[in-house]
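Note on naming: letters A, B, ... go to the chains in the order of the sequence lines (proteins, then strands), and numbering restarts at 1 for each one.
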Amino acid sequence: MGAAMSGAVVSSLPVCGSCGAVAAIGARFCEACGTDLPTPAGGQGATPPGEILAAPVPDPAGPVPVPVPEPVPCRECGGVVDADGYCTSCGAKAPRARDHVVEQPQAWVGAVSDRGIRHHRNEDALAVAASEAPGSHAVLVVCDGVSSSEDSDVASLAAARAALDTLAGPRAQGLDTSAGLVAVIGARLEAAADAASRAVAAATSHDHGDSPPSCTFVATVVERGRIVTGSVGDSRAYWLPDAGQARFLTTDDSWAAEQIAVGVPRDQAESGPQAHAITRWLGVDAPDHTPRITTMEVDGPGWLVVCSDGLWNYCSPADELGALVRRIAATVAGEPLATASALVDWANGQGGHDNITVVLARLGADPDSPLPRDQTGSSR
Amino acid sequence: MTEFSAQVYQNEFLADGATDVHAIVTVTCTGAGQAGHTGAGEAAEIVIVDTSGSMGPVGIRAAQLAAAAALDQVLDGTWFAVIAGSHVARLAYPAPAGELGMARMDASTRAAARAAIGTFVPEGGTAMGTWLELATAVFASVPSAAQRHAILLTDGNNQHETPAELTRRIAAASGRFQCDCRGVGADWQVGEVRRIATALMGTVDLIPTPDEMAAEFETIMRASMGRGVASADLRVWAPQGAQVLFVRQVAPAVEDLSGRRREINALTGAYPTGSWGDESRDFHVAVRVSAARGVGQEQLAARVQLAVGDEVLAQGLVKAKWSDDNELTARINPEVAHYTGQTELAEAIQEGLAAKAVGDTATATAKLGRAVQLASETGNEEATSKLRKVVDIDEPGTGKVRLRKAVDRLDEMALDTASTKTTRVRK
């Protein structure tokens, strides 16, 4: 058996103690009002999230403990924040947990999702899990809610968690051939996209308008030196080796990608008015959500990056992102979470026009020294 | 079980640098119950009838029938009294001359009150302020009556007290009871009576002929008995440094509440809205926040609450979200646009009629033309048909009108009294 997984959350049906809304399985806070939800004491078993979302009824097993919200002072004026989520003095909106999400299932993985500056809510979602031994096993999922659709923040979170639940099942053990292992993981990624798509559908109301909830999907499975990635839409995975050629692990399903494919320069295609129009997505109105699968073998130390366009908008080419990540990692001694966090800060510094999600995994390094080989020893 | 709910209609998106936030808040009351029967205190009613000489035998007879019809609607157990008004006010029922008091309604007091009403004779002049003064004192004689309502009937000008005296007496009565005012015939001043109704949180309307009085009084009293919530306040919280530009009731009728503000705390004001039955009212709240926040930022611009006593029973949140997306920020909320137009319509009608009364034809034509345009835009067909009796409409779209030569004064008064009645947004 490998080391215990962390990050895969199974919970009983959470009900927000503040507003009474039923939350998604495993939700850490209420999607309706942002109140933190209590950590479930015991799970009810692995009920598919879609079913939970489709049946928003109170838990018959008993009352869910109601959290007593800690009175947090207003970040802007120090006043009292009301239960309605706004300061009683200056009216500032209190930050919601979803505005800035930080996860680190193991020391070699860091994940940060941030509202950014220009958007009113964070429609990006992430779900990550990893085993303890660096580089041994990880599942990294990012979904970016399409901002022109309704409730896409709910959809993206449901999708990311459903994908993680599928991918974080029993690991493919004992497969002695690399090809066999990759085939199993590839099939699992397709099942994860199916589960994510069902979760989006379950989060879609019956009387949805012209723009039902929808989101992108990128999931990467790290398994003993191999990286298998599946994607739908324009959220990306990159492999950024410390030495050698940085590369894309995904191809965008976007108008811009189609332009690039027919020879339009990347910088031109990605700055056009339709640059962010995606051609495939998850949602009840999606024509097809079969993920494009790519596989690679890790041949040296480097960074695996899974991110939303809130990051790559400011640094799209793989080699440029590689240089940026190495430069930023060097300022925080190569610590993955601090690096992810610093990359989010950097994107906000560029304008933060979209939600920003960055998931990093440090791979191929000596387990005793998980820092980049070319790290200059600065410990600032 | 009385319940209130609040629904907010607004475009929460503001362009970069914008600071003014407008919202329509619909407050709905259900399960109000009957006046005086909900544990919120007893109910009291006073019927105030004009018995001045100008009423004449026909007018007095109609007023007697109307007063009796109103009393028939008063629920048993309710405190009540009848005041006869001329240049002085007289408590006609229940107390003998010189004493103040009210009676509890039952079969025998109702019969006795009818008998007292039957003795009215038309004589003397008109001083409505004295009627209000006596009503205030009569209500005060029953401290247990929390819900106090009066119907006031008049037929003529307030000739026997000065405007200053009337103003002072209105102010003294304000907040002591609610008063629905009705004028019969064409010899009373809409503006004068509207002043009373507005200050006393009641309605004003025209009863064209005496024979319509009884039905009107019956309707008013039945509505009053259906208001089980004695008194409720609209509360508006606005953030530190913000300015509440105005608070208006906009449906069922336009009523500026801004001047009624009573401070709850530094950031919250209470605006009395009187008693409530099972009904819905719309309020237009406008707030100017102290400074625009950056694009992508959000704040609360107002908490709009319905409070009974110290208890907040419903709340709506008015938000401000700054965006650089013109599609979002340029959108005008249909409810806000509709009621902004209806408020302007009421002003245009009142100002146009006032100008016409002093012979300022140019202003009257311009204002009433604008009113025609607004009535057409907001689909207020009642206003359009009433305007048609005062002006000839050449082009409703542009507001091109001509003042009609011979206008029935009753038509003009009907237009005036109906000016504040609004239509709801078609959803």
Verify the neighbour count for atom CZ of Arg75(A): are there more than 12 heavy atoms of other residues, nucleotides or ligands below 6.0 Å? no
Taking atom CZ of Arg261(B) as the centre, report whether more than 12 heavy atoms of other residues, nucleotides or ligands fall under 6.0 Å from it. yes
Looking only at heavy atoms, the pair that brings Thr88(A) and Trp237(B) closest together is O-NE1, 2.9 Å
Arg262(B): what forms a salt bridge (charged side-chain N to carboxylate O under 4.0 Å, His left out) with it, not counting sequence neighbours? Asp233(B)
Taking atom CD of Gln240(B) and atom SG of Cys90(A), what is their separation to the nearest 0.5 Å? 8.5 Å
Return the CG to CD distance between Asp84(A) and Gln315(B), rounded to the nearest 0.5 Å. 5.0 Å
Write out, in numerical order, the residues from residues 316-330 of chain B with a heavy atom short of 4.5 Å from a heavy atom in chain A. Leu317(B), Lys319(B), Lys321(B), Trp322(B), Ser323(B), Asp324(B)
Are more than 12 heavy atoms from other residues, nucleotides or ligands located less than 6.0 Å from atom CG of Asp310(B)? no
Which atom names give the shortest non-hydrogen contact between Gly91(A) and Pro239(B), and what distance separates them? N-CB, 4.1 Å
Side chain to side chain contact (heavy atoms under 4.5 Å, CB included), that's the test. Do Arg293(B) and Glu76(A) meet it? Break it down for me. CA-CA 12 Å; Arg293(B) 288 168 183 259; Glu76(A) 300 202 9; 2.8 Å; yes
So, Arg115(A) side chain and Gly296(B) main chain: donor-acceptor pair closer than 3.5 Å or not? yes
Determine whether Arg303(B) and Asp82(A) make a side-chain contact, defined as any pair of heavy atoms from C-beta on separated by less than 4.5 Å. yes
Could you check if a side-chain atom of His120(A) sits within less than 4.5 angstrom of a side-chain atom of Glu12(B), using non-hydrogen atoms only? no
Bottom line for Cys77(A): the part with an atom under 4.5 Å from chain B's heavy atoms is neither
